[in-house]
Number of protein chains: 2
Amino acid sequence: MNSFGSYLRRQREALRLKDRAYSVRQVAKRVGIEPAYLSKIERDEVPPPSEEAIGRIAEVLGEDRDALLALGGKVSSDLLELIRRHPVAFAELIRGLRDAPTDALLRVVREVRDGDW
Amino acid sequence: MNSFGSYLRRQREALRLKDRAYSVRQVAKRVGIEPAYLSKIERDEVPPPSEEAIGRIAEVLGEDRDALLALGGKVSSDLLELIRRHPVAFAELIRGLRDAPTDALLRVVREVRDGDW
DNA sequence: GTTCATGTGTCATACCTACTACACATTTGC
DNA sequence: GCAAATGTGTAGTAGGTATGACACATGAAC
């Protein structure tokens with residue numbers, strides 16, 4: 001339904017309606033992977049590619065990198081590194097937000113964004 | 001200096017002073033891995049083991065699971081899953097705390113812990 | 001109506017990851 | 001002083017990750 005591949009295919013096809021430069025082959029070239037590989041990715045014949053490849057796909061298709069990574073079952077390595085610097089604190093923070101409704105989560109995000117220390 | 005392996009070795013040896021059941025062999029048995037493998041792990045001859053193995057090592061040695069995983073370059077998969085449910089929000093939250101001093105981070109953690117929604 | 005682009009099938013590969021199994025020399029306990 | 005426990009060297013493996021290369025049939029464009 002909303003697998004990584006089928007989502008990609010839908011988005012690419014949508015872009016293609018406006019601009020036929022969004023073929024499998026041309027997108028693959030811009031991304032820097034083989035067309036056959038992208039084709040397989042879009043049909044979920046292979047697992048989502050590496051973080052780097054997903055990042056470049058996000059760029060080429062104008063998608064949010066973190067969101068696309070999540071759809072591919074991954075989390076950006078820069079976030080992982082930040083978490084690893086304060087593993088216990090971040091673990092409690094994230095688990096503490098497990099059952100928080102989305103708006104409560106966003107409130108915390110906003111608060112941190114505007115926070116002055 | 002503080003690689004995963006050397007840290008493990010230090011902690012295990014410390015426990016061993018009080019209780020000689022903390023030999024490489026006996027710990028490995030309780031953890032459920034081969035002694036030779038644990039030996040190599042402690043000498044950093046191989047990369048840190050799987051998340052599951054690190055979790056069991058943490059249990060056996062009385063270490064914090066998230067902290068030990070971090071030392072092993074990993075992040076608990078339950079946290080990853082939570083992040084993947086709200087990738088954009090969590091990305092902004094975590095990156096927003098990148099330069100926050102530890103006490104500011106802990107303040108947010110506490111706030112979330114005590115938060116009622 | 002041929003040329004060019006397109007999507008995809010098949011095959012192959014290199015490099016990790018995550019270990020197990022066994023043997024051996026040294027040390028320790030009684 | 002001998003048996004048992006200990007730490008470690010060597011070798012091997014099963015499965016996953018992340019692709020590349022090439023060929024082929026179909027379709028569209030001019």
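So you know, we letter chains A, B, ... as the sequences are listed, proteins then strands, and number each from 1.
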Report the distance from atom [atom1] of [X] to atom [atom2] of [N], rounded to the nearest whole Å.
X       : N      : atom1 : atom2 : value
A:Asp44 : C:dG9  : CG    : P     : 13 Å
A:Arg20 : D:dA28 : CZ    : P     : 14 Å
A:Arg25 : D:dT26 : CZ    : P     : 15 Å
A:Tyr22 : C:dG7  : OH    : P     : 14 Å
A:Glu13 : C:dG7  : CD    : C1'   : 10 Å
A:Lys29 : C:dT6  : NZ    : P     : 10 Å
B:Glu42 : D:dG9  : CD    : C1'   : 16 Å

- Item | A:Arg30 charged N/C atom sitting above A:Tyr22 aromatic ring, 6.0 Å / 45° | yes
- Message: For a quick test of reading the model, state the closest non-hydrogen atom pair linking A:Arg16 to A:Ser23 and the distance between them.
- Response: NH2-CB, 3.7 Å
- Do you know which two heavy atoms are closest between A:Leu105 and B:Ala89, and how far apart they sit? CD2-CB, 3.9 Å
[X] vs [N]: side-chain N/O to OP1/OP2 distance below 4.0 Å:
X       : N     : answer
A:Arg43 : C:dG9 : yes
B:Arg16 : D:dG7 : yes
A:Arg9  : C:dT8 : yes
A:Ser39 : C:dT8 : yes
B:Gln26 : D:dT6 : yes

- Test: B:Arg85 and B:Glu81 ion pair at under 4.0 Å: yes
- Can a salt bridge be assigned to the pair B:Arg110 and A:Glu92 using a cut-off of 4.0 Å between side-chain N and carboxylate O? no
- Query: So do the side chains of B:Leu82 and A:Leu97 get within less than 4.5 Å of each other, counting heavy atoms only?
  - Reply: no
- Note on the structure: Going 5' to 3' through nucleotides 14-22 of chain D and flagging B where a protein heavy-atom sits under 4.0 Å of the base, S where only the sugar-phosphate is that close, and - otherwise, we get ----SBBBB
